[in-house]
Peer 1: 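Got a structure for you, written out below as structure tokens; questions coming shortly.
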Amino acid sequence: MESKTVRPRSGLKTLMAMWLTVAVIPFFVVAIAGKADAIVGIETESRSHWHVDLNRFALSAHTGFKCEECHGTMIENGRTHPDKANPDFLKKAATRSFDYSRCQKCHKLSYQRYLEGEHAKALSKEIEDAGADGTELKKKTPAPTCGECHSSHYDRSGLSRVDVGKRMIAVCGRCHREQAASYLENIHGKVGVNLENPAAAFCTDCHKAHTVASLKEPAEALPVCRRCHPKAEAEFTNFVIHASLSGLPDTDSPKHRSILWIQRIKLAAIAVVALSLIFFFGHSLLWLLRELHEKLRKH
Amino acid sequence: MAERPYRQNIKIRFSVLHRFLHLVVMIGFTGLAVTGLSLGFSSTAPARAFIWLVGGSANAGWLHRFFAVITYSCVVVHAFWFLYYKMVLSGKLTGPLSIAPSVKDLKDFIQNLGYFLGRREEPPRFDKFTYMEKLDYWALFIGMNTMGITGLVLWFPEFFTRFLPGFFVNIAQVLHFFEAILAVAVKFFIHIGLAHFRPAVYPADTSIFTGRTSQEKIMVDHPGEWSVISESDDSSGERASSVSVRAS
Amino acid sequence: MGIAAAIVFLFFAAAGSLMAGQDAAGETEKPVCLDCHRQPNINTNEGVQSSKAFCNDCHAKPDCRRTVDGKDVPLQVSAETFNDNPHQYVACIHCHTDVARSPHRTAIGGQCRDCHTVHGEGTAHAPHLRIDCQACHFKHKFVRLDETDNRVKLALMNTDQQPIGLVDHGLDDAGNEQSCRRCHQPHNTVGAPVSVLPAKSLLCVVCHPSSLGVGHPIFWVALITFLGGIFLMVRFWFIGSVQGEEKSLHRKISLSSDAVWQTIFSKKVLTVLRVVVLDIILQRRILKNSVQRWSLHSLIFLAILIRFALSLLTGLMFSIDPDGRLALVLIDKNNPVTAFTYDFLGLCIFLGVLWAVIQRLVVKPAHVKTEIEDNITLGILGLLVILGFIAEAARILMTQLPAEVAVYAFVGYPLSEVLAFMPVDWRSAYPYLWYAHAIMGAVFVAYLPFGKLKHIFNVPLTHVLEEVSGIKKEQRI
């Protein structure tokens, strides 16, 4: 039998093979490794800086206001600002020094709605725990006042629904880290934040704006779910969106048990997938090597 | 027929129905993978680019369900074909021409491993479907039904939570995601690799598209099958075996 | 430290006083312009609440009323009407776009189309394009025909000539037949047929944009008959031998499907395409034989083909872009271009059938053999088209379409002028005409695989098979 040189049957088919190697594999590498930052370009600062950037202020919602309209004069009860004799001088957080009831001047409804919600309850609890003499408890996550979430100097107005939603994840997520992370792992977060679908559910669509609700009770959660899932029934509310164990008050609640089951099944699935892939890839590699060996030996 | 050289004696291995179903599943699966991965890995740049291309996540979702319907329709049609095979063609469920697993497959696997590792000179004598092909088929059977059922739960969560606990939807999502990873990894690397990169078929094994293979290939790759069909070739009425055609 | 405590105390004291529920906007504070006049961002949940609060300042109160012509019209929007409504999450000004101004009245009403698309052929079909959303989707059922723009709108008075308060935001999803009866009843003043007619079935897609469902039982019967006929036809084809195989049906099907597969996935597919374009669509072989025969056949065939293409295009455009201009023009029978085109094509079919009848029954050339099936076929087609035109004319009359709109239907409009002389209540007559045309259409589809119209399946197939297998011209059928 004469030996024939092996030539590809046509240029097109070789091209196909090359394309597969060059394009498909790197695509997957890039897709998995190159994670783009989904929350970019949204100003989320609420940190108080001594200096106000007037360029950014000019673009904000409060542009055009005079400082006095919110901050009053620099004199309060006979003392001038800055008051070096004040023992809290340079120590107290700005969000605990400013009188946020002044926001009611223009934001009456929002302020009243805030007072009905969980954040106001947390604040009043913090006051109680702080003691009658005004000593502040050192807390990692202080209870939110207006200033914890909103930057009166820099927040813009008239943003689109998706931009507002993305901002919410960044801001609420500063204290509710686990919830923000688990939300982004959930379909609501993926569709809303990553894929920017305006019909998705962001924080306040479920937890309501300013009257932040906890939604722990199915009776409270069902009307909320029904906003987008009108045919939902009671059991539907037991779908877990914030699937994190920390922050759950009760270590033996149904939600706790559900999350444990989800984690177990996830581990099992990873194990099955890993073992299967090892088997398939290993077997195919051995097969390819053996066939190549046979082919090379024939010439 | 015995005088014609083996390489030119063309046999039909896959009927038109099977070729058509494979084509539709191929397209459907690719569509499902692309749309599904762009949700599963939605924080990556290629995913966001794809969503932009199809005009939003709602459109991608619609496409995903469309491809799911046509792919699962192929499963249903295949099930009807199986009834036809059993009842009209009197096909056998077991034996050398069947795709059902048997003890011989285990023996073949061990022998084949020995062959890969250089302990044996010859590969095992495979029947119509090698153990790898059977594994592929049955893994697909389990996989597509898993994806189908979990997919249905994710498509109609309000309906399914009427009688299932709410966190079953979370579990459906976990299983759907991991089965997808497994399926995509196996199909896009293993299946395509074995159909394109194996020296025996390089650059491509076209038999699933043309339906045709040569007698030589059957004798080499599936000798167990050849010994069965070469007997029935002489008599008429080839039911469940390959069909001979003129090599024109 | 004391001062700090004082400041903190003041802050929380103010908060506390508010928590106690006192109205801080009382006598001690001057109202601030921006408290009300700041534009809320209605993209946010908070903004929606603020916006609604602004309107509810007046409209939530029972004393929000007006007197019109001495009659009392309530304008209170109560919370109950909103409770189960998805619109409770939407700001008032999102829909009522032109009302936050002085004078405080709306010129255009609620803008449903800002968020919702119009219904297509499937849900509520094209005749309903001339109806405002509110006329169906409002709880109260009084409607009127506005003569100025020939649109059906909500009536402002009920049948007792009392003004209606239009503030019930508990909208009707109009899903059941009961709500259709506000217009589709014998004494309606809006030009609606007296009974609720079904949407066009999928079987109608041959000539009309239609819904995706089969619909009324007569269409199911027609579909099953049609499919049965196709099955019998194909079974007949497989009685012969295929590539030498005489006996085994399984093998015949395998061989023929394999031949089809091999043709499609090879260069021969170009031959197939060439035959389809030249011989099937353009009817080259008939033209080679006789110009007269080609013209007669094309009048009928090409007109139906173009109508079918338009139906498919409409369906496609409506799926892709239901609010787009093209989709809306295509489903609007009163649009000048659409009306003209469909009337023109219908006329072509009619003239073709007429010509064929004259050829077969009057001129009777020697080479033409007329069998009973030919007459049945021409009868069905002819009757179908005639009934279609009559139904169209009746529709134009019934809906009181103004002449300057209707004139583009250059067959239907003159016919409607003729029908106008007849002392018929077209609202009552129209359902009969619709069903007559629909039944005729169902018969047409059902009869396709049985009579002479079978040729629409046989002849193209024969052409393609002959070209692909390269049979010499002399041996062709």
Side-chain angles (χ1 to χ4, degrees), chain A residues 61 65 69 76-79 83 85-89 92 96-102 104-116 120 123-124 127 130 132-136 145 157-165 168 198 202-205 207-211 223 226-228 230, chain C residues 1-26 28-57 82-91 94 115 173 175:
Chain A
F65 287 1
E69 296 189 45
E76 192 105 9
N77 292 333
R79 306 188 74 98
D83 181 6
N86 186 336
D88 285 328
F89 180 61
K92 198 169 188 173
R96 288 290 180 269
S97 317
F98 183 77
D99 178 8
Y100 285 103
S101 65
R102 290 187 206 153
Q104 287 181 89
K105 198 165 150 184
C106 301
H107 298 277
K108 205 173 298 162
L109 189 69
S110 312
Y111 194 87
Q112 288 184 343
R113 288 163 50 72
Y114 160 80
L115 290 178
E116 292 165 21
L123 185 65
S124 52
I127 302 165
D133 59 353
T135 331
E136 248 178 60
T145 58
S157 62
L159 295 178
S160 72
R161 210 183 116 78
V162 169
D163 283 341
V164 168
M168 267 185 237
F202 301 96
C203 307
T204 61
D205 292 312
H207 293 286
K208 303 181 196 156
H210 293 112
T211 53
R226 280 200 170 140
R227 176 176 175 173
C228 301
Chain C
M1 190 192 324
I3 307 297
I7 294 173
V8 173
F9 176 76
L10 268 171
F11 171 38
F12 294 119
S17 77
L18 285 155
M19 280 203 249
Q22 292 164 21
D23 186 7
T28 47
E29 263 183 48
K30 262 195 327 202
V32 168
C33 315
L34 284 176
D35 191 22
C36 299
H37 289 280
R38 173 173 51 88
Q39 176 166 58
N41 182 355
I42 55 175
N43 287 330
T44 65
N45 293 296
E46 183 59 46
V48 167
Q49 299 288 339
S50 302
S51 173
K52 282 165 72 174
F54 179 83
C55 304
N56 280 337
D57 220 21
F82 259 118
N83 276 346
D84 281 327
N85 198 319
H87 293 129
Q88 63 179 298
Y89 302 108
V90 176
H94 207 128
C115 296
D173 78 12

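None of the values given here were measured: they were computed from a predicted structure. So you know, we letter chains A, B, ... as the sequences are listed, proteins then strands, and number each from 1.
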Peer 1: Quick one: OG1 on A:Thr145 to CZ on A:Arg96, what's the gap to the nearest 0.5 Å?
Peer 2: 5.5 Å
Peer 1: Between C:Asn43 and chain A, with a heavy-atom cut-off of 4.5 Å, which part of the residue counts as in contact: side chain, backbone, both or neither?
Peer 2: both
Peer 1: Salt-bridge test for A:Asp205 and A:Arg227: reply yes if a basic N is under 4.0 Å from a carboxylate O, no otherwise.
Peer 2: yes
Peer 1: Quick check with a 6.0 Å cut-off and a 45 degree axis cone: is A:Arg113 positioned over the face of A:Tyr111's six-membered ring?
Peer 2: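 No, A:Arg113 does not sit over the ring of A:Tyr111.
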Peer 1: Taking side chain as everything from C-beta outward and backbone as N, CA, C, O, which of these in A:Pro223 sits under 4.5 Å from a heavy atom of chain C? Side chain, backbone, both or neither.
Peer 2: backbone
Peer 1: Examine whether an atom of C:Gln88 lies under 4.5 Å from a heavy atom of chain A, and if so say whether it belongs to the side chain, the backbone or both; otherwise answer neither.
Peer 2: neither
Peer 1: Compute whether any side-chain donor of one residue and acceptor of the other, for A:Ser110 and C:Glu46, lie under 3.5 angstrom apart.
Peer 2: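 C:Glu46 and A:Ser110 do have a side-chain donor-acceptor pair below 3.5 Å.
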Peer 1: So for A:Arg226, is it side chain, backbone, both, or neither that comes closer than 4.5 Å to the heavy atoms of chain C?
Peer 2: neither
